[in-house]
Amino acid sequence: MIDLSGMNEAQRLAVTHGEGPLLLLAGPGSGKTYTITQRILYLLESGTPPQRILVITFTKDAAVSMQQRFRKLSPVCLPVNFGTFHSVFYHMLKESGCIGTEHPLNQSRKKKILLPVLKDLSEEAFKELLQEDTTALLAAMSYYKNTLSLERAAEKVPKEWQPVFPEILKRYEAAREKLRAVDFDDMVCECRKMLSEQPNRRQYWQNRFDHILMDEFQDINPIQYETIKLLTKPPYNLFAVGDDDQAIYGFRGAQPECLKLFKDDFQARQLLLNINYRSCGEIIAASGKVISENKNRFPKDLRPAPEEKFPGQNHSSEPDKSLESDKGSEPDKISEPDKISEPDRGSEPDRISEPDTFSQHLLSPVTVQAFPDKDSQYGYLLHRLAGSPCGHSRAVLFRTNSAMQGVAAKLRDAGISYVMKEKVQSIYEHFIVRDMVSYLLLAKGRWSRERFLYICNRPSRYISREALAKGESLRQVKAHYANAPKQLAALDLLERQLNYIGRASMKAAVAYICKAVGYEDYLKEQSRGHPDKWVEWKEMLEWVRADAGRFGSVDDWLAAQEDYNDSLKDVEKQAKAPSGEAVWLMTVHGSKGLEFDHVWIPDCNETVFPHGRMPDEETCEEERRIFYVAMTRAAKSLELLYLDDDTGSRPPSRFLNPFQASNIKH
């Protein structure tokens with residue numbers, strides 16, 4: 001028998017909701033997973049057959065976790081259906097006979113379809129095609145399929161392919177349909193097409209489920225939303241759980257506006273889970289001040305848990321008076337999300353937390369600190385991490401993966417144990433490091449066709465790949481262009497530049513490559529139209545200058561790189577069984593769904609938070625949500641670190657203004 005006495009008022013109202021659509025807004029740490037599983041039990045006890053309940057979430061791990069939590073609550077194993085959007089739609093298509101392949105297209109197979117299309121459209125551009133270009137093109141096609149916005153999708157494409165992007169998309173889709181193959185985005189698109197164009201199948205699937213529960217509804221995109229609408233019929237028993245303030249996947253096409261559409265389209269009842277069982281009151285208040293500056297959101301009054309449920313905090317436990325607003329195939333196959341090999345898009349493991357006294361060392365649970373430069377900022381961060389006692393869950397959160405990788409290298413040098421939640425990769429594998437090493441080695445006379453291929457047109461020197469086909473030295477490449485004055489002059493200049501680089505110190509050599517050779521200008525030109533890319537690459541250049549400058553020779557730098565890369569194997573092992581000593585490093589996106597006792601967020605400056613330069617209002621609101629998600633990962637203490645060098649070149653983040661307005665100016 002379900003026990004309603006252990007729930008707060010909002011949870012009870014949600015769990016015992018009758019028929020019809022419900023929008024359940026769930027603030028951070030408010031027990032949404034608990035509420036969903038209790039709702040399932042309530043439906044079962046009310047007489048709903050288990051096979052007629054469908055629970056959908058966005059990630060495979062979250063679907064499995066939800067299923068496992070439910071099974072712990074249920075006395076017997078009941079065939080309630082759990083799955084991701086993609087696995088559910090895949091099984092619907094498969095059972096309906098609408099696809100002809102057993103396995104969805106992976107990235108490698110998609111590239112095999114794409115490459116002939118690109119070669120047919122532009123053989124010249126194809127010769128200069130980079131790995132990053134194919135990845136960007138596939139990402140842009142994915143964005144289009146999730147939003148149907150061709151214009152915005154084309155903006156994400158390398159500039160040389162932008163004029164022909166519609167044709168690329170058309171030819172790629174024709175080749176894919178010929179194979180009767182689908183990728184994860186196609187599962188949604190094809191399912192929507194099936195339900196909209198085939199009334200008999202739409203009726204069949206509408207009759208399969210009496211109740212549909214959806215988790216993380218803020219991450220839904222327009223195509224998924226339209227598909228869900230087609231899957232339901234009166235009385236529209238849709239139970240949508242989400243938080244528009246935690247919508248941070250706009251780059252995938254997610255649109256938190258779908259929550260408002262859902263409420264308006266279905267005239268849905270609206271409830272708010274407003275009690276935070278995770279964070280102390282100061283963190284809730286500070287993060288609330290930040291997110292309240294977003295205009296396009298549902299307003300929320302979030303509160304810390306009462307004292308008896310949140311030890312150590314002295315907060316009022318008065319019941320909330322404003323929780324509710326007026327209304328303005330075979331199922332068991334779907335319940336096995338692990339049968340779909342879906343890429344990891346983040347998960348929600350249990351809380352990583354242990355009691356501590358570390359926060360006693362802070363003046364307040366929320367602190368904001370300025371530093372004159374990055375060295376002093378990261379020096380302070382390492383000091384805090386090294387001085388904190390073991391057995392505490394600690395995390396450092398970053399806006400970008402490259403920033404995280406740079407700090408990982410610093411922690412390793414300092415002997416501080418760390419774990420990375422996201423796929424472990426080395427910062428030394430970044431193409432900028434590769435290019436820099438290629439310049440340095442060529443300058444030492446260590447010729448390699450591969451190295452020269454990397455840098456010969458970075459910046460552009462109009463050198464063709466054919467010139468390198470038999471070129472075993474720079475002299476032979478120059479001979480190929482004996483009758484081409486433009487290329488020959490560029491190669492003569494490169495030879496003089498390499499001679500200087502070969503004699504200079506590491507620090508001077510890297511600075512010379514960036515400025516005098518024109519590598520920095522090349523990157524700036526390549527990122528034109530993509531300001532986020534330029535911000536990321538500029539940060540990477542700064543890191544490379546500092547890191548390479550620590551060594552006496554390129555060989556010393558390469559040895560350190562190899563040593564660091566070897567150490568990542570231990571990091572991978574630790575990630576599978578982390579110790580209490582390890583510090584968690586992750587991007588904000590990777591931290592979604594997790595919580596830690598103590599959280600540090602460095603680089604709280606413009607161009608990092610928000611990411612890029614002069615974002616439009618919509619982008620800025622998403623960036624503020626990203627910052628909000630980072631802040632709300634913290635349970636006991638939160639430290640926000642930023643640079644303030646008095647020059648104004650790196651102003652503090654605008655997201656710090658609400659609670660430190662007197663000290664932060666833009």
Side-chain angles (χ1 to χ4, degrees), residues 1-8 10-17 22 24-46 48-88 209 211-219 238-243 246 271 273 275-278 305 309-310 331-340 342 344-354 393 421 591-596 632-633 635:
M1 197 70 182
I2 189 169
D3 180 14
L4 299 176
S5 64
M7 304 176 191
N8 64 45
Q11 291 170 338
R12 283 195 300 274
L13 288 171
V15 168
T16 60
H17 170 69
L22 172 70
L24 182 61
L25 299 172
S30 61
K32 68 179 179 62
T33 302
Y34 167 78
T35 304
I36 293 171
T37 53
Q38 293 296 315
R39 169 68 176 170
I40 299 168
L41 286 178
Y42 179 82
L43 291 174
L44 293 170
E45 290 185 6
S46 300
T48 304
Q51 66 272 18
R52 300 189 67 79
I53 299 174
L54 174 61
V55 185
I56 312 177
T57 189
F58 277 82
T59 70
K60 174 181 168 181
D61 287 345
V64 171
S65 175
M66 185 87 71
Q67 187 178 41
Q68 290 172 343
R69 291 193 189 192
F70 167 72
R71 286 178 175 171
K72 287 180 181 178
L73 296 172
S74 177
V76 293
C77 186
L78 298 172
V80 174
N81 302 285
F82 294 84
T84 64
F85 274 98
H86 296 98
S87 65
V88 169
F209 306 108
H211 289 270
I212 300 177
L213 293 80
M214 295 168 289
D215 190 19
E216 301 287 5
F217 196 69
Q218 76 276 355
D219 294 334
L238 293 169
F239 190 87
V241 184
D243 181 7
Q246 297 186 71
L271 292 172
L273 295 182
I275 297 179
N276 185 323
Y277 293 92
R278 172 190 302 160
K309 292 192 176 182
F310 194 72
D332 61 331
K333 287 187 179 179
I334 299 176
S335 66
E336 298 176 6
D338 54 321
K339 288 195 174 182
I340 295 290
E342 184 169 0
D344 181 19
R345 298 182 177 178
S347 58
E348 290 196 5
D350 292 335
R351 179 182 176 185
I352 307 169
S353 179
E354 293 183 23
S393 60
K421 176 179 178 284
S591 74
K592 185 77 163 53
L594 292 172
E595 55 186 273
F596 302 88
T632 56
R633 299 312 93 196

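What's counted below: heavy atoms across the whole structure, side chains too, no hydrogens, waters or symmetry copies. Note that the structure is predicted; figures quoted are calculated from it, not measured.
Side-chain contact between Lys60 and Ser87: absent, with no pair of heavy atoms (C-beta onward) separated by less than 4.5 Å. Between Phe82 and Ile40, the closest side-chain pair of non-hydrogen atoms falls below 4.5 Å. Annotation: side chain of Phe217 is not in contact with side chain of Leu238 (no heavy-atom distance under 4.5 Å).
Side-chain atoms of Glu45 come within 3.5 Å of backbone N or O of Ile2 as a donor-acceptor pair. Side-chain atoms of Asn81 come within 3.5 Å of backbone N or O of Ile53 as a donor-acceptor pair.
Thr37 pairs by the side chain to side chain contact (heavy atoms under 4.5 Å, CB included) definition with Met66, Arg69, Phe70, Leu73, not counting sequence neighbours. For His17, the side chain to side chain donor-acceptor pair (under 3.5 Å) test picks out Arg269, with sequence neighbours left out. With sequence neighbours left out, the salt bridge (charged side-chain N to carboxylate O under 4.0 Å, His left out) criterion links Asp219 to no other residue. Scanning for side chain to side chain contact (heavy atoms under 4.5 Å, CB included) contacts around Tyr34 gives Met7, Gln11, Gln38, with sequence neighbours left out. For Thr16, the side chain to side chain contact (heavy atoms under 4.5 Å, CB included) test picks out Leu4, Tyr42, with sequence neighbours left out. A search for side chain to side chain donor-acceptor pair (under 3.5 Å) contacts involving Arg39 returns nothing, not counting sequence neighbours.
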field: Verdict with supporting geometry, Leu213 and Val241, side chain to side chain contact (heavy atoms under 4.5 Å, CB included)
entry: CA-CA 8 Å; Leu213 293 80; Val241 184; over 6 Å; no
query: Would Lys32 and Asp215 satisfy side chain to side chain contact (heavy atoms under 4.5 Å, CB included), going step by step from the backbone distance to the final call?
result: CA-CA 8 Å; Lys32 68 179 179 62; Asp215 190 19; 3.0 Å; yes
message: Show, in sequence, the C-alpha distance, side-chain angles and deciding distance for Gln246 and Glu216, and conclude whether the side chain to side chain contact (heavy atoms under 4.5 Å, CB included) test is met.
response: CA-CA 9 Å; Gln246 297 186 71; Glu216 301 287 5; 5.9 Å; no
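Here the shortest heavy-atom pairing between Arg278 and Pro28 reads NH1-CB, 3.8 Å. Of all heavy-atom pairs spanning Leu78 and Pro50, the tightest one is CB-CB, 4.0 Å. Shortest non-hydrogen contact noted between Thr57 and Ala63 is CG2-N, 3.3 Å. Listed here is the closest heavy atom pair of Leu44 and Pro49: CD2-C, 4.4 Å.
Put simply, OG on Ser30 and CG on Asn276 are 7.5 Å apart, with the number rounded to the nearest 0.5 Å. Between Asp243 atom CG and Leu24 atom CG the span is 10.0 Å, to the nearest 0.5 Å.
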